[in-house]
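Structure, as structure tokens:
What you see is a predicted model; the values in this text were computed from it and never measured. Note on naming: letters A, B, ... go to the chains in the order of the sequence lines (proteins, then strands), and numbering restarts at 1 for each one.
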There are 2 protein chains.
Amino acid sequence: MDKKAPRRRTRIQTEKREVILEAALEVFSAQGFRGATIDQIAEAAGMSKPNLLYYFKRKEDIHRTLIERLLETWLAPLRELDDIGDPMTELRSYIRRKLEMARDFPRESRLFANEILQGAPRIMPLLEGELKSLVDEKVAVIRGWMRAGRIVRTDPYHLIFAIWATTQHYADFDVQVRAVLGPDRGGDGRFEDAARFLEQLFLEGLKPRG
Amino acid sequence: MDKKAPRRRTRIQTEKREVILEAALEVFSAQGFRGATIDQIAEAAGMSKPNLLYYFKRKEDIHRTLIERLLETWLAPLRELDDIGDPMTELRSYIRRKLEMARDFPRESRLFANEILQGAPRIMPLLEGELKSLVDEKVAVIRGWMRAGRIVRTDPYHLIFAIWATTQHYADFDVQVRAVLGPDRGGDGRFEDAARFLEQLFLEGLKPRG
DNA sequence: CAAATTTTTGACCGAATGGACAAACGTTAG
DNA sequence: CTAACGTTTGTCCATTCGGTCAAAAATTTG
């Protein structure tokens, strides 16, 4: 009747799990869940397959861990959208932060996109729970701004979707963006160009009209 | 020295290939290339696997055919963006058409998104060739409108990206959109809401300022 | 140091998968 | 009707893949 007390995590375990997650992010984000193989991840992590499976019993466990972690980082910018600040400033920094995440964490963005594209089989509850209630909360904030006449009246849900879509586009559709822009315009400057454009689009579009 | 003349396609061949492509679209768009199995496609097409392989020698052939076809339909709305019309009207109908495609052909959108997400291994040349030159052409048109002061000056490339991103979002991230909107707001009306929002966002944002 | 515990590995397994093939079955044109 | 051609299927194969296992190697603990 004595259940095994969940042994504490070793130093090596902590380190190796990190290495594996990093490798898995690389592979999953590029190949999707089914496209990725344990062998690929093990190779990228510099260890043998059975060794990897010693740290994560199943392929899905790695994926789940990765996605749960991701979601926190992912929603952080929206959490920071603050009631008390100036609407325009708040929205500007939200857009900026999201675009920076697309630039600095494209693999995370693609991992997420892959999961949603496949119908979110592994994170539906999170979308309907945590994500929905966070969005609802921020929608209320935005509605407040609209009622106060500080930004133009429009659909706050679709506003948020539009910000998500346009910013994440630069991570998820990166190859297409680069192919279209070509070698000259598609260089490192593309994120600054995008930032300028998106600020203009959203902020001019939302300015209250007299 | 006599090479086999490529035999003409039978009536049955024409029909069955169509059935297979329809089934494959369903499966590929939901599972991605590697996630989809020939068996699944065969089952969805109502035939045995060897039978399916009689019409398409390899899994990749089905996928390639599907994507090549898709690209034409996909770019049609952009092709119609016309120099001579009124800029606002032209852009409004472009946005409308793209959103209608997201609503009516979500599987095609997801098939495409999947391919790009994986790094576009099978269509890179098309992106750098046909797609890029079409975009370049339309960018010139938009630049013309800007020079004439008929719409506000901004980056035409990123404008096009933003239209792509926001409209396709409703197909590619459908499950997320629905989860966030909930059962009431997420019903059939979501596309009309999106249309209203996007028109306001883009058209107000682009109106020339006096 | 020695015992106990954790980590690593090679070998292996069953299921799934992409694909080949020849034989059987249908269809069509002369 | 029948020969030629097109279509369908059952069977089979090699490979890949997720995962197991026992034993060896390394590390930690007393």
Side-chain angles (χ1 to χ4, degrees), chain A residues 2-28 30-67 114-115 118 121-122, chain B residues 2-28 30-67 114-115 118 121-122:
Chain A
D2 50 1
K3 32 175 73 167
K4 254 181 277 188
R7 311 192 158 262
R8 247 184 77 213
R9 209 160 269 174
T10 326
R11 172 187 56 88
I12 295 186
Q13 270 165 12
T14 321
E15 290 170 8
K16 291 289 173 80
R17 281 174 66 98
E18 221 47 48
V19 174
I20 292 171
L21 288 172
E22 159 66 26
L25 175 59
E26 190 71 30
V27 179
F28 278 135
Q31 318 267 19
F33 180 76
R34 290 215 49 183
T37 74
I38 300 185
D39 284 285
Q40 285 172 347
I41 301 173
E43 167 150 19
M47 62 181 75
S48 65
K49 181 169 65 167
N51 197 182
L52 182 149
L53 284 166
Y54 168 72
Y55 293 102
F56 290 89
K57 279 272 156 275
R58 305 189 303 144
K59 182 184 174 184
E60 208 188 312
D61 293 346
I62 313 177
H63 193 260
R64 186 180 299 280
T65 309
L66 226 35
I67 288 226
N114 255 308
E115 178 67 11
Q118 319 289 316
R122 280 165 278 268
Chain B
D2 49 1
K3 30 174 73 169
K4 252 183 280 192
R7 311 188 158 264
R8 245 183 82 215
R9 208 160 272 174
T10 325
R11 172 186 56 88
I12 295 187
Q13 270 164 13
T14 321
E15 290 169 8
K16 292 289 172 86
R17 282 174 65 99
E18 221 48 49
V19 174
I20 293 171
L21 288 172
E22 159 65 25
L25 175 59
E26 190 71 30
V27 179
F28 278 135
Q31 319 268 20
F33 181 76
R34 293 213 47 185
T37 74
I38 300 184
D39 285 285
Q40 285 171 350
I41 301 174
E43 166 150 20
M47 63 182 73
S48 66
K49 181 168 66 166
N51 196 182
L52 182 149
L53 284 166
Y54 168 72
Y55 293 103
F56 290 91
K57 278 268 154 276
R58 306 188 303 144
K59 182 183 173 184
E60 208 188 314
D61 293 346
I62 313 177
H63 193 260
R64 185 180 299 280
T65 309
L66 225 35
I67 289 225
N114 255 309
E115 179 67 11
Q118 320 287 315
R122 281 166 276 270

Practice item. Identify whether any heavy atom of Lys49(A) sits under 4.0 Å from a base atom; if not, whether one sits that close to sugar-phosphate; answer base, sugar-phosphate or nothing. Key: base
Point to revise | Nearest to side-chain heavy atoms of Arg58(A), which nucleotide of dT6(C), dG19(D), dT28(D) | key: dG19(D)
Review point. Going by heavy atoms in the side chains, are Glu115(A) and Phe33(A) under 4.5 Å from each other?
Key: no
Practice item. Give a yes or no on this: more than 12 heavy atoms of other residues, nucleotides or ligands lie within 6.0 Å of atom CD of Glu43(B). Key: no
Exercise for review: Tell me what Ala42(A) touches on the nucleic acid: a base, only sugar-phosphate, or nothing, going by heavy atoms under 4.0 Å.
Suggested key: nothing
Review point. For Asn51(B) and dG6(D), what is the distance between atoms CG and P respectively, to the nearest whole Å?
Key: 15 Å
Exercise for review: Measure from the side-chain N and O atoms of Thr10(A) to the backbone N and O of Gln13(A), and report whether any donor-acceptor pair falls under 3.5 Å.
Suggested key: no
Exercise for review: Figure out the CD/P separation between Gln31(B) and dT17(C), and round it to whole Å.
Suggested key: 10 Å
Practice item. Would you mind reading off the distance between Arg34(A) atom CZ and dA16(C) atom P, rounded to a whole angstrom? Key: 11 Å
Exercise for review: Report yes or no: is the cationic atom of Lys59(B) (NZ for Lys, CZ for Arg) under 6.0 Å from the centre of the six-membered ring of Phe28(B), at an angle within 45° of the ring normal?
Suggested key: no
Review point. What does Tyr55(B) touch in the nucleic acid at a heavy-atom separation under 4.0 angstrom: a base, only the sugar-phosphate, or nothing?
Key: sugar-phosphate
Revision key, fill the gap. Atom CG of Leu53(B) and atom P of dC12(D) are separated, to the nearest Å, by 18 Å
Review point. When all nucleic acid strands are considered with a 4.0 Å heavy-atom cut-off, which category describes Ile12(A): base, sugar-phosphate, or nothing?
Key: sugar-phosphate
Practice item. Round to a whole Å and report the spacing from CD1 of Ile38(B) to C1' of dC13(D). Key: 14 Å
Review point. Given atom CZ of Phe56(A) and atom P of dT20(D), what is their separation to the nearest angstrom?
Key: 15 Å
Review point. Does the dG19(D) base have a donor-acceptor partner in the side chain of Lys57(A) within less than 3.5 Å?
Key: no
Review point. Tell me: CD1 of Ile20(B) to C1' of dT7(D), nearest whole Å?
Key: 12 Å
**Study point:** Check: dG19(D) base within 3.5 Å donor-acceptor of Lys59(A) side chain
**Key:** no
Check your understanding: Want to settle it: does Asp39(B) or Leu52(A) sit nearer the 5' end of DNA chain C, counting the closest nucleotide to each?
Key -> Leu52(A)
